[in-house]
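Side chains are part of it too, since the values below use all heavy atoms of this structure and drop only hydrogens, waters and symmetry mates.
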Amino acid sequence: RDHCVTGVQTCALPILRIYQKAGFEITRKLIGFEGKELKGETCTKVQECDPRLAAHTLMQFQPNLPWQVSGESLLPSSSRMQAYRLGNSLLFLQPLGETAIQIRGLYFATQAEAEALLLHAFSLYPNQTFRLSPAFPEESVLPFLPQVGFTPLALTQYEMQKELPC
């Protein structure tokens, strides 16, 4: 069946109620993080890869990601990103100027692979602030990111979905 998907900030209660009255249901909570430092030993097996190919891999193997971090959304801006792979895990980075790096995507098979990818990123961009926008499913990044030193952002959102009639 076809469906429509949207995101609503969790603090926007009047807007949330409007969407619910229109038949949208909350499917999951999306959260973001910020990290300034991650220490540890860098993994030499992390490989830089073509962001376009990595986005296509996501489209094939991770079809249920929030639209903001899906392969389809990453693909058009892939020329401004860097992608890294370790095993079955991927990390997409986009510099935001002199002091910040946006983590556009973090998809991991194991927490050890995710931590190795993040350590690699921090070693490439020392003294940078790393940001994940509130577009990551709560169940995929908790409790892992806080355990390695990332702080949750105050802004969160609900992903909402409505089934469309045939």
Review point. Is the closest side-chain donor-acceptor distance between Gln111 and Glu113 under 3.5 Å?
Key: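 There is no such pair (donor and acceptor under 3.5 Å, judged by atom type) between the side chains of Gln111 and Glu113.
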Under the 3.5 angstrom rule, does the side chain of [X] hit a backbone N or O of [Y] as a donor-acceptor pair?
X: Lys36; Y: Gln128; result: no
X: Ser89; Y: Ala109; result: yes
X: Gln102; Y: Leu93; result: no
X: Ser70; Y: Ser73; result: yes

Are [Y] and [X] co-members of a hydrophobic cluster defined by side-chain heavy atoms under 4.5 Å apart?
X: Val148; Y: Tyr84; answer: yes
X: Leu30; Y: Phe130; answer: no
X: Leu119; Y: Leu86; answer: yes
X: Leu106; Y: Leu75; answer: no

Between atom [atom1] of [X] and atom [atom2] of [Y], what is the distance when rounded to the nearest 0.5 Å?
X: Ile103; Y: Phe136; atom1: CD1; atom2: CZ; value: 7.0 Å
X: Thr27; Y: Glu25; atom1: OG1; atom2: CD; value: 9.0 Å
X: Glu37; Y: Phe150; atom1: CD; atom2: CZ; value: 11.5 Å
X: Leu58; Y: Glu72; atom1: CG; atom2: CD; value: 9.0 Å
X: Thr57; Y: Leu90; atom1: OG1; atom2: CG; value: 6.5 Å
X: Leu155; Y: Cys11; atom1: CG; atom2: SG; value: 6.5 Å

Considering all heavy atoms, the nearest [X]-[Y] contact:
X: Ala100; Y: Arg131; answer: CB-NH1, 3.3 Å
X: Tyr125; Y: Pro95; answer: OH-CG, 4.0 Å
X: His3; Y: Val5; answer: CD2-CG2, 3.3 Å
X: Arg104; Y: Ser77; answer: NH1-OG, 3.0 Å
X: Met81; Y: Leu74; answer: CE-O, 3.2 Å
X: Cys49; Y: Ala54; answer: SG-CB, 4.1 Å

Review point. Is there side-chain contact between Lys29 and Thr156, with heavy atoms separated by less than 4.5 Å?
Key: yes
Exercise for review: Determine whether Ile31 and Leu153 make a side-chain contact, defined as any pair of heavy atoms from C-beta on separated by less than 4.5 Å.
Suggested key: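 Counting from C-beta outward, Ile31 and Leu153 never come under 4.5 Å.
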More than 12 foreign heavy atoms under 6.0 Å from [atom1] of [X]: is that the case here?
X: Glu98; atom1: CD; answer: no
X: Glu139; atom1: CD; answer: yes
X: Asn88; atom1: CG; answer: no

Exercise for review: Give the intermediate values and the outcome of side chain to side chain contact (heavy atoms under 4.5 Å, CB included) for residues Thr129 and Leu96.
Suggested key: CA-CA 10 Å; Thr129 299; Leu96 296 176; over 6 Å; no
Check your understanding: Under the side chain to side chain contact (heavy atoms under 4.5 Å, CB included) criterion, do Phe33 and Thr151 qualify, and how do the steps go?
Key -> CA-CA 5 Å; Phe33 288 88; Thr151 304; 5.8 Å; no
Practice item. Evaluate the criterion side chain to side chain donor-acceptor pair (under 3.5 Å) for residue pair Gln157 and Glu159; output intermediate values, then yes/no. Key: CA-CA 7 Å; Gln157 65 177 325; Glu159 180 183 76; over 6 Å; no
**Study point:** Residues clustered with Tyr158, ILVMFWY side-chain links under 4.5 angstrom
**Key:**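 Hydrophobic cluster check, Tyr158: joined to Val8, Leu13, Ile15, Leu16, Tyr19, Phe24, Ile26, Met160.
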Exercise for review: Classify the angle between the aromatic ring planes of Phe144 and Phe108 as parallel (below 30°), tilted (30 to 60°) or perpendicular (above 60°).
Suggested key: tilted
